[in-house]
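A short write-up of the structure that comes next.
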Amino acid sequence: MTRLVRKAVIPAAGYGTRFLPIAKAVPKEMLPLVDKPVIQYVVEEAVASGITDILLVISRSKRAIEEHFAPAAELEAELAAKGRKAELEQLRELQSMARIHYTWQPKMGGLGDAVRYARSFVGDEPFALLLGDTVVTTEDPSRPVTRQLADVVEKRGGSCVALQEVSADKVSRYGIMGGDEVESGVIRANKFVEKPKLEEAPSRLAVSARYVLSPAIFTYLDQTQPGKGGELQLTDAMAAMMANEPLYGLRYEGQRHDIGNKLDFIKANVHFGLQHPDVGVALREWLKGVVA
Ligand code: G1P
């Protein structure tokens, strides 16, 4: 029997070395896309996908993330006194979206290591894993990518990861999956390699920041040795799991915004800025002038 996906884990402990000096004291997940921090978009995607409980895996200097989702009685009182209803509403929504829990990853041991800290939170249910530095948008907002993955798992059981085709020069930056298509867009995995050289890549299908995983993954993580870069790789644990229970990949519909590097971060701000009701029109006009 399959079970509903209700819990999500968001690793947000990484140093953000590709984003120094800003990431030294400001968590990269707190960088704004226009007026909301990146992490809020990720939490909103989880909530829109039916998730009710979220575990954020954090570390030193990430306290601003906790503050962002915490109650702020004085600020609310101030807004209420000034009749700032819209802002008050926004703040209240932020705190009530989901139950948010926190745990610390004491040492940066890789994505697989971060996921291990979610074991007691997850228990024996399938769970979503959303990487905290990537925002994914879909044309139909009622079908976020995490929802699309959960649909596959709720129908077929096992696990499902989000896939996007990448160009040959980029395969060495991602976990790459190989397998056989079992229905349109759904591929059953038979190979998984973390950041392979082009000649070792089983395909160009890259795992892209969203997963719905069976709780069995924790057993495989326990048995996994450090891999690429000396880190505990989730990809290696998934490769071991796939021999014993089904693991699917879904070529999802949606656009991915990687916030963890400078150029993509600026592009994402332009993308969300152009769509923003307050500034979109003016930004478009301004950009035309700049580019000309
Ligand atoms: C991680 C995973 C990799 C995946 C990538 C993007 O790598 O290890 O398999 O393809 O995220 O989702 P990172 O970007 O953290 O190096």
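Order of appearance sets the numbers: ligands from 1, and atoms from 1 within every ligand. Predicted model only: the values in this text are computed from it and were never measured.
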Structural part of [X] in contact with ligand 1, heavy atom criterion under 4.0 angstrom:
X: Leu234; answer: neither
X: Arg173; answer: neither
X: Ser208; answer: backbone

[atom]: the protein heavy-atom neighbour that sits closest, reported with distance to 0.1 Å:
atom: atom 12 (O) of ligand 1; result: Ala209 N, 2.7 Å
atom: atom 5 (C) of ligand 1; result: Val207 O, 4.1 Å
atom: atom 2 (C) of ligand 1; result: Glu194 OE2, 3.6 Å
atom: atom 15 (O) of ligand 1; result: Lys195 NZ, 4.7 Å

Side chain Lys28, main chain Arg18, donor-acceptor under 3.5 Å: no
Contact atoms of ligand 1, heavy-atom distance to Thr235 under 4.0 Å: 9 (O)
Atoms of ligand 1 close to Gly175 [distance to a heavy atom under 4.0 angstrom, numbered from 1]: 3 (C), 4 (C), 9 (O), 10 (O)
Would a line drawn from the ring center of [X] to the ring center of [Y] be shorter than 6.0 Å?
X: Phe127; Y: Phe121; value: no
X: Tyr102; Y: Phe69; value: no
X: His257; Y: Tyr41; value: no

Nitrogen or oxygen of Leu131 less than 3.5 angstrom from that of ligand 1: no
Minimum-distance pair of heavy atoms, taken over all atoms of [X] and [Y]:
X: Arg143; Y: Asp151; value: NH1-OD2, 2.6 Å
X: Asn269; Y: Pro32; value: ND2-O, 3.1 Å
X: Pro11; Y: Leu111; value: CG-CD1, 3.9 Å

Protein non-hydrogen atom below 4.0 angstrom of atom 10 (O) of ligand 1 present: yes
Salt bridge present between Asp222 and Arg119 (N-O < 4.0 angstrom): yes
